[in-house]
Asker: 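This is the structure I want to talk about, given as structure tokens.
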2 protein chains.
Amino acid sequence: MAPARRNGAHDSETRTALLDAAEHLMLEEGYAAVTSRRVAAKAGVNAALVYYYFGTMDELFLAVFRRRAEWMLDRQAEALASEQPLWALWDVSHDQANTALNLEFIALGNHRKAIRVAAADYSRRFRAQQLGALSGVLKGYGLDPDVWPPESVILILSSISRFLLMEEAYDLDMGHEQTVAIVERYLRSLEGERRPRTPSDDVP
Amino acid sequence: MAPARRNGAHDSETRTALLDAAEHLMLEEGYAAVTSRRVAAKAGVNAALVYYYFGTMDELFLAVFRRRAEWMLDRQAEALASEQPLWALWDVSHDQANTALNLEFIALGNHRKAIRVAAADYSRRFRAQQLGALSGVLKGYGLDPDVWPPESVILILSSISRFLLMEEAYDLDMGHEQTVAIVERYLRSLEGERRPRTPSDDVP
DNA sequence: GTCTATAGCTGGATAGAC
DNA sequence: GTCTATCCAGCTATAGAC
């Protein structure tokens, strides 16, 4: 009996190899380089297997996105549960690969509706998780929510972090050192000196 | 005598129509939709003309980028020369179309070296222009450069602005209102109440 | 599950008529 | 300058052998 499309055990080795290959290609050469042939070649298998496992290229992109998104949510949850959640959030959001992939997906979402919907949904969950963990904490630090709403503190931290990373990808660093110093001075004023934390594993 | 490639008067109507078509396509459907055939169809001319005017698709992308970049530099220079340069910078950087195009070019630059180089170069000029116009102004406002270096003020304003716009494209607005309020409170504290300014024209 | 083969399409780029 | 015609490469997706 022929297996329905989009089958092949969710944890098959080949399936994982295809996802890894697609993610690497996307990061190194942009989403336009992610074709069934190139993904398959990089994974060391036949191109027809892409369609056996994912049905369409759209579904492949979605699977790559979801896997990475779930991993980032887990990693962020772990960070937010630490003793210094603000420092941990700042550290975890300062990840070049994730930021670059995120940009690719945003650009990809510009003309693939399924991706755009998934990215919007995930951004909401991501932000909600931060807010849920931090709004109490920030109040505990003595921040007046009418002057510094937790939503804004989180948003400003995130935007600075992402902007710095985007510029670094272009070897642009004007004002970076000083800005990092300002952010970290602020974090110290709320959460004290940064203490070492066990970094979580990277994706294989 | 056959004209050398990459010719055709720099201000030819057809050339401009091709640039406009390419820019619109890029904005509406992403860079992958920018093919010689589709650009030409949108401009109402034959696809071979793309190669007559630009030689390669790479050169077309570069021409679109440069035209938009020069326009943005001019527009920013005008804003920075106003009586309230910080307010003007904040307003001018809050332009959805430019931000979306910028993201497309960043993603495109991920796998087209010529674009990456041009984008990096342009970012530097853009930032240098801001810094040149504002470092004196900020000192005049009484900001201590050791606590708030102009580079950082500019960088933080820019990153917040861009992040908000990226999220708005996804109908995400958690904390936006509050963050805009914080920024504008800050701008008011330095530059007083925002006064109306003549907005510059949009590109045709 | 994995492969070969192939249909059907779209793309970049060029030659050459007008 | 603008067009038609064309080459060739690479793409998605499917059928069917093993």
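Below, chain A is the first sequence line, B the second, and so on; all start at residue 1.
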Asker: Take atom CZ of B:Phe61 and atom C1' of C:dG12, then tell me their distance rounded to the nearest Å.
Answerer: 12 Å
Asker: Using whole Å, report how far OH of A:Tyr52 lies from C1' of D:dA17.
Answerer: 16 Å
Asker: Between D:dC11 and A:Ser36, is there an OP1 or OP2 to side-chain N/O distance shorter than 4.0 Å?
Answerer: no
Asker: Would you mind reading off the distance between B:Leu18 atom CG and C:dG12 atom P, rounded to a whole angstrom?
Answerer: 13 Å
Asker: Are any protein N/O atoms closer than 3.5 Å to N/O atoms in nucleotides 3-7 of chain C? If there are, list each pair with its distance.
Answerer:
residue : atom : partner : partner atom : Å
C:dC3   : OP2  : A:Asn46 : N            : 2.7
C:dT4   : OP2  : A:Asn46 : ND2          : 2.9

Asker: Can you name the residues that form a side chain to side chain donor-acceptor pair (under 3.5 Å) with B:Arg124, not counting sequence neighbours?
Answerer: none
Asker: Please determine whether a side-chain nitrogen or oxygen atom of B:Tyr53 lies at a distance below 4.0 Å from atom OP1 or OP2 of D:dT2.
Answerer: yes
Asker: Classify the side-chain pair B:Arg68/B:Asn102 by whether it contains a donor and acceptor separated by less than 3.5 Å.
Answerer: no
Asker: Look at the side chain of A:Thr14 and decide which nucleotide, out of C:dT2, D:dG1, C:dA13, has an atom nearest to it.
Answerer: C:dT2
Asker: Would you find a donor on one side and an acceptor on the other, under 3.5 Å apart, between the side chain of A:Gln76 and the backbone of A:Leu89?
Answerer: no
Asker: Do the rings of B:Trp148 and B:Tyr186 sit parallel, tilted or perpendicular, given the 30° and 60° boundaries?
Answerer: tilted
Asker: When you get a sec, tell me which of C:dG11, C:dG1, D:dA13 is the closest nucleotide to the side chain of B:Thr35?
Answerer: C:dG11
Asker: Compare the minimum distances between each of C:dT14, C:dG1, D:dC11 and the side chain of B:Tyr51, then state the nucleotide with the smallest one.
Answerer: C:dT14
Asker: Would you mind reporting whether A:Leu157 and A:Ser93 have side-chain heavy atoms less than 4.5 Å apart?
Answerer: no
Asker: Measure CZ/B:Phe54 against C1'/C:dG11 and give the value in whole Å, please.
Answerer: 18 Å
Asker: Taking only residues two or more places apart in sequence or in another chain, which ones pass side chain to side chain donor-acceptor pair (under 3.5 Å) with A:Ser123?
Answerer: none
